[in-house]
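Here's the structure, in structure tokens; my notes come after.
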Amino acid sequence: MSGTSSPNSGLTRRSFLKATGAAAGALGLAGAANMIATDTWLAPAQAHAEAGERVGYTFHYRHCQCNCHLKCTVRDGRLVLIEPNDWPDKRNETICLKGISEIQHTYSEERLQVPLKRVGERGSGEFVEITWDEALDAIAEKVKETQEKYGAQAIAIQTAVDSLTTFLPKLLKGQEKPHRGIDIGMGNGFSPALAEAGQQGASSNEVSDWKNAKTILNVGCNMLETCMVTARYFFEAKEAGAEIITIDPNFCTTAEKSSRWIPMIAGTDPALYLGMISLILDKGWYNAPYLKAYTSMPFMVKRSDGSLLRKDPVDDIKQAGSENPFLVWDENASGLSPYDADGISPALDFETTIDGEAYATVFKLLKETQKQYSLSWAAEMTGIDEDVLVEITDKYANCGPSILSFGFGGGEKFYNADVAGHAAVLLATLVGSFGTDIPGWGAGAYVNAYQKIFGAGKLASWPLPSECKVASAPKASVDYRDEESGIRFMWVQNGAFQQIAGNQNRTNEWAKGLDFVVVQDIWHTPSVDWADIVLPVCSHFEVDEEIGFLRALRGHVLLQQKVLDPLFESKTDFWIDREMAKRLGYGDALPKSQEELARFQLDNATDKAVAGITLDEVVAGNGVVALKNQPEIARSYSNQTYKTTSGRIDLYYEDLVEYGQALPQYEAPHEAYEGNPLRDAYPLVMTQRRSKYFIHQNFMDASWLRQYYEPTLEMNPIDMEARGLESGDVIEAFNERGSFQCACVATEAVRPGTAVIIEGIWDKYMVSGNLQNVTNDAANPRGRALAKGRVTPFNDTLIEVKKA
Ligand SMILES: Nc1nc2c(c(=O)[nH]1)N[C@H]1C(S)=C(S)[C@@H](COP(=O)(O)OP(=O)(O)OC[C@H]3O[C@@H](n4cnc5c(=O)[nH]c(N)nc54)[C@H](O)[C@@H]3O)O[C@H]1N2
Ligand SMILES: Nc1nc2c(c(=O)[nH]1)N[C@H]1C(S)=C(S)[C@@H](COP(=O)(O)OP(=O)(O)OC[C@H]3O[C@@H](n4cnc5c(=O)[nH]c(N)nc54)[C@H](O)[C@@H]3O)O[C@H]1N2
Ligand SMILES: [Mo]
């Protein structure tokens, strides 16, 4: 497991030999061989030898939501010690095994060392080394050719959370992150009610507010692994007496540390929320004054077509606006009134006939549609006992302040996720969770919610010529692999070819037909093998000047500074931006150095949280300076402000009337539902999770971490026994889309009828295949009508398992 199988200078063994044969010494083999192997690296110095020791500061990767700031000791040019940096608030001083292991991982055998050009078939991973000029010239030529032939929108750039590039997407003028359906599932249903721009499903308050809550329902979020820096706030809340109830099909780490774990059937999240809503309505546990004052519940719906009643009739329901107010029934005047008129008393549970048309309030309609979602129905669907549902709903509604927390994994990655999101926001609104400024009430995804998320810390953006802007993805496509997406040229800074789409065979077929592929990464991830040109990038520890990138996160301005000089032939993302700009005719448009950019970003910031903070101050603070004027706990929607059509919480989704989802209606998962005939052949639901040891595909090659984890399919002993399997056996997991092989392990933490695997594993660490070979990529037709498009239902996957 130590990953020392083949010396891999960013090449596969086969192509490495080929490259050596073709151009002997081109890689400077003697030096490279010593540099690349971790074991030799930790032996006496070869490269960057300098006398003495120095300390450098940088931020770590962010996709695990943590972005820890690190204090790094460099001896004789090598990273030898990594510690948490000092922060003004000690609670932020964090590091985990991922950070510590960078002493090894930064020098991993899988580091891309030199620019490469494909020589074999695309996907074969056969490359030869080329120079940076050759690589960049070839790319620039292809960019221009594609722009002329198909238009700039035929270029797509898949940026990743951790790639430190800022200019490239705009310089290419292509589609940035074309439809990929990731981390939007719940938010698609949750956010339109509140119209929180940006992050879909973002929580209403920071996680530090948990200590003010009495009841916390944590549904399908393993935050103690997926947002480790929030652990402090989790335990703070528990110690303060909050009851944290984790509802999750699996006994995940967070379930283990919660006050209570309630197992549920995967993919039934909408049923859970709908059942709770029914009980709250039946028992009258909702906050009626809140619903009347701050929500669309009293708005009138025309029964015949589902449209909301406005002062003036409209042809197109989407053209509403504050000039044409929604109408409510004023109980004082016994007549219709604009919802925002003064001195009215809107009826909540009401229906009437006007000019022969029947109208009912949103609330009344909700009560009607909820009739089909009884508690016993919810209990059967979710597998949670009825009395347990009553108990948790009672606590949630009547023993507040309460928090409803969900993740970006779990129920989010199902075909029906928007229904779950819509039901979740309804549930949270019924009990008055938003905008009350009462500490401890809130709802949403709290993974990430310690970062003063709502707009705080906006750095100034460097202006580019006006024609430099990204193209929008064509409306007709639901998936970047659709023909309608029109993509001919992919520039990849993440796992576009293995990681961010389900159904690998489809991805492979699509990838073969592209005109050109660039992969820009630090490590040799599986996507690299699909590149025509590979660009090796510096890790977050390496910069070619003293100053690197700035971020405003976790309530602070955080700076990346030089810890190491660029290793091997790698270059910074910024350097690549500048070189591409020169070649595309924008040579003068970019800052000359990262320092110039960083100064600009701070000196021109208009955000009060940042204005006045200087780069010199950040450097003097070893890369960490607190944002200004920050509340102790950031909250959103204060004073009940919502950026919705009505300015209130709009729970009735008029634009989904044609899909029958104006109010949430239960929809089964695509594959993973009881009674699906496909279960005869593929009876197990395979969900995926993340691990504290990895960030998706990142760190898969970190040999110090790999000692703790071997890729395994986790299964319940009952399902193992039924298949004659024992822990450690190599299994084949398969369905009609494909298969993969790895070891299996028996664990009671996984529900019978399901199998669980950590997502992101590179092919080379599996016995064979990639877990993405089996995952579901079905597109829900409703997807096009949703705010962020359709979701990728990775977890909505049925498989069968047999001994390999
Ligand atoms: N089957 C299955 N698939 C899934 C999921 C699932 O649950 N199941 N989850 C999905 C989700 S939620 C997500 S968000 C995606 C994530 O998928 P990705 O976006 O691919 O996630 P990362 O592995 O974080 O990718 C970051 C890449 O950026 C590289 N990188 C890091 N730092 C830098 C840098 O400074 N510069 C450059 N140029 N590159 C850098 C890393 O080496 C890594 O290859 O995966 C999705 N895929
Ligand atoms: N260390 C680390 N941290 C990360 C990441 C990483 O790769 N590594 N990735 C980041 C990213 S991009 C994301 S999107 C977040 C995701 O963060 P989380 O939402 O915490 O993601 P997961 O661990 O995938 O899933 C959470 C839980 O959902 C449960 N689950 C599975 N199916 C269902 C279901 O049908 N219903 C319910 N209710 N629960 C279900 C799983 O058992 C699991 O315990 O994590 C972020 N943080
Ligand atoms: Mo994600």
Side-chain angles (χ1 to χ4, degrees), residues 61-66 96 98 110 112 158-165 168 177 180-183 185-186 218-228 246-255 264-269 272 382 406-414 417 420 445 447-448 492-496 498-502 504 519-528 535-540 549 560 572-573 576 669 672 685-701 749-751 754 756-760 770-772 774-776 792 794-797:
Y61 299 94
R62 174 191 160 191
H63 213 171
C64 55
Q65 316 299 311
C66 298
C96 77
K98 293 190 284 296
E110 297 296 335
L112 295 165
Q158 288 278 9
T159 52
V161 167
D162 277 309
S163 47
L164 294 175
T165 182
L168 201 50
K177 293 190 180 164
R180 41 186 223 170
I182 286 179
D183 295 337
M186 292 283 289
N218 177 51
V219 186
C221 177
N222 190 16
M223 66 201 297
L224 296 186
E225 292 204 45
T226 56
C227 194
M228 290 172 82
T246 289
I247 308 174
D248 193 303
N250 305 307
F251 190 59
C252 61
T253 304
T254 309
M264 70 180 283
I265 295 171
T268 65
D269 297 57
L272 168 68
T382 59
F406 51 81
F408 283 112
E412 139 92 37
K413 284 168 168 52
F414 279 87
V447 166
N448 201 342
V492 177
Q493 296 174 339
N494 63 10
Q498 266 81 18
Q499 178 65 20
I500 60 165
Q504 189 62 44
V519 175
Q520 172 182 357
D521 206 315
I522 307 167
W523 293 278
H524 195 137
T525 67
S527 275
V528 168
L535 303 179
V537 179
C538 293
S539 76
H540 287 197
F549 274 98
Q560 175 200 26
T572 63
D573 288 306
I576 294 170
V685 178
M686 188 189 92
T687 62
Q688 302 101 64
R689 65 180 181 95
R690 293 111 187 66
S691 153
K692 60 180 178 245
Y693 297 127
F694 309 109
I695 309 178
H696 305 286
Q697 21 159 23
N698 199 352
F699 294 96
M700 283 292 158
D701 60 311
V750 169
R751 232 187 132 80
T754 61
V756 176
I757 191 161
I758 288 175
E759 52 90 44
N770 188 295
L771 65 95
Q772 218 70 283
V774 302
T775 51
N776 194 352
T792 303
F794 292 110
N795 282 336
D796 205 340
T797 295

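Counting convention: from 1, in listed order, for ligands and their atoms alike. Note that the structure is a prediction, hence the values are computed from the model and not measured. By convention here, the first residue in the shown sequence is residue 1.
Only the backbone of Ser691 comes within 4.0 Å of ligand 2, judged by heavy-atom distances. With a 4.0 Å cut-off on non-hydrogen atoms, Leu164 touches ligand 1 through its backbone as well as its side chain. Residue Cys252 touches ligand 2 through its side chain alone, judged by heavy-atom distances below 4.0 Å. Using a 4.0 Å cut-off between heavy atoms, His696 contacts ligand 2 through both its backbone and its side chain. Heavy atoms of Asn795 found under 4.0 angstrom from ligand 1: none, in either backbone or side chain.
Side-chain contact check for Thr159 versus Asn494: every heavy-atom pair is 4.5 Å or farther apart. Between Lys98 and Cys64 the shortest side-chain heavy-atom distance falls below 4.5 Å. Contact of the Val537 side chain with the Asp521 side chain is not registered, since no non-hydrogen atoms from C-beta on lie closer than 4.5 Å. Inter-residue side-chain proximity for Phe794 and Leu771 is flagged as unmet; no heavy-atom pair is nearer than 4.5 Å. Side chains of Thr572 and Leu164 form no contact here, defined as non-hydrogen atoms less than 4.5 Å apart. Within the 4.5 Å cutoff, the side chain of Val774 has heavy atoms near those of the Thr797 side chain. Side chains of Tyr61 and Asn698 form a contact here, defined as non-hydrogen atoms less than 4.5 Å apart.
Close N/O approach between Asp183 and ligand 1 is not found [any backbone or side-chain N/O within under 3.5 Å]. At least one N or O atom of Gln688 sits closer than 3.5 Å to an N or O atom of ligand 1. Residue Met264 has no N or O atom closer than 3.5 Å to an N or O atom of ligand 2. For ligand 2, none of its N or O atoms has an N or O atom of Tyr693 under 3.5 Å away. Residue-to-ligand polar distances keep Trp523 apart from ligand 1: every N/O pair is separated by 3.5 Å or more. Residue Asp162 places at least one N or O, backbone or side chain, under 3.5 Å from an N or O of ligand 1. In terms of polar-atom proximity, Gly409 is counted as a contact of ligand 2, with an N or O under 3.5 Å from an N or O of the ligand. Ligand 1 has a nitrogen or oxygen under 3.5 angstrom from a nitrogen or oxygen of Gly495. Looking at ligand 1, you won't find any N or O of Tyr61 less than 3.5 Å from one of its N or O atoms. Between Phe408 and ligand 2, at least one pair of N/O atoms sits closer than 3.5 Å. Residue Gly267 places at least one N or O, backbone or side chain, under 3.5 Å from an N or O of ligand 2.
Under a 4.0 angstrom heavy-atom cut-off, Met228 registers as lying outside contact with ligand 2. Using a non-hydrogen distance threshold of 4.0 Å, Phe406 does not register as a contact of ligand 2.
Within ligand 1, counting atoms from 1 as listed, the ones closer than 4.0 Å to a heavy atom of Asn698 are 23 (O). For ligand 1, the atoms lying closer than 4.0 Å to a non-hydrogen atom of Thr525 are 44 (O). Distances below 4.0 Å separate heavy atoms of Thr775 from the following atoms of ligand 1: 1 (N). Near Leu771, meaning under 4.0 Å from one of its heavy atoms, ligand 1 places the atoms 1 (N). The ligand atoms of ligand 1 that sit less than 4.0 angstrom from a heavy atom of Ile182 are 11 (C), 12 (S), 13 (C), 14 (S), 46 (C). Residue contact check: Ala160 has heavy atoms under 4.0 Å from atoms 26 (C), 28 (O) of ligand 1. Under a 4.0 Å criterion applied to the non-hydrogen atoms of Asp573, ligand 1 contributes the atoms 34 (C), 35 (O), 36 (N), 37 (C), 38 (N).
Of the candidates Asp248, Val685, Asp269, Asp248 brings a heavy atom nearest to atom 27 (C) of ligand 2. Counting only non-hydrogen atoms, the option in Asn218, Leu272, Thr226 that gets closest to atom 45 (O) of ligand 2 is Thr226. Nearest to atom 1 (N) of ligand 1 by heavy atom, out of Gln158, Glu759, Gln772, is Gln772. Between atom 10 (C) of ligand 1 and the options His63, Gln498, Lys413, the minimum heavy-atom separation is to Lys413. The option with the heavy atom closest to atom 40 (C) of ligand 1, from among Ile522, Asn776, Val528, is Ile522. When Gln493, Lys177, Arg690, Gln499 are ranked by how near their heavy atoms come to atom 47 (N) of ligand 1, first place goes to Gln499.
For atom 23 (O) of ligand 1, the closest heavy atom belonging to the protein is Gln697 CG, 2.8 Å. Distance from atom 41 (C) of ligand 1 to its nearest protein heavy atom, with residue and atom name: Asp521 OD1, 3.4 Å. Nearest to atom 2 (C) of ligand 2 among the protein's heavy atoms is Phe694 O, 3.3 Å. Considering only non-hydrogen protein atoms, atom 15 (C) of ligand 1 sits nearest to Ile500 CG2, 3.8 Å. The protein non-hydrogen atom at the shortest distance from atom 39 (N) of ligand 1 is Ser163 CB, 3.9 Å. Nearest to atom 19 (O) of ligand 1 among the protein's heavy atoms is Asn494 CB, 3.4 Å. Gly410 CA, 3.3 Å is the protein heavy atom nearest to atom 28 (O) of ligand 2.
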Where do Gln493 and Gln520 land on the side-chain hydrogen bond (donor to acceptor under 3.5 Å, both in side chains) test, with the steps shown first? CA-CA 5 Å; Gln493 296 174 339; Gln520 172 182 357; 2.9 Å; yes
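A donor-acceptor pair is defined here as one N or O able to donate and one able to accept, closer than 3.5 Å; such a pair exists between the side chain of Glu412 and the backbone of Gly185. At least one donor-acceptor pair under 3.5 Å links the side chain of Gln688 to the backbone N or O of Met686. His540 contributes a side-chain N or O that, together with a main-chain N or O of Asp162, makes up a donor-acceptor pair within less than 3.5 Å.
Side-chain contact annotation: Gln772 with Glu759, donor-acceptor N/O pair under 3.5 Å absent.
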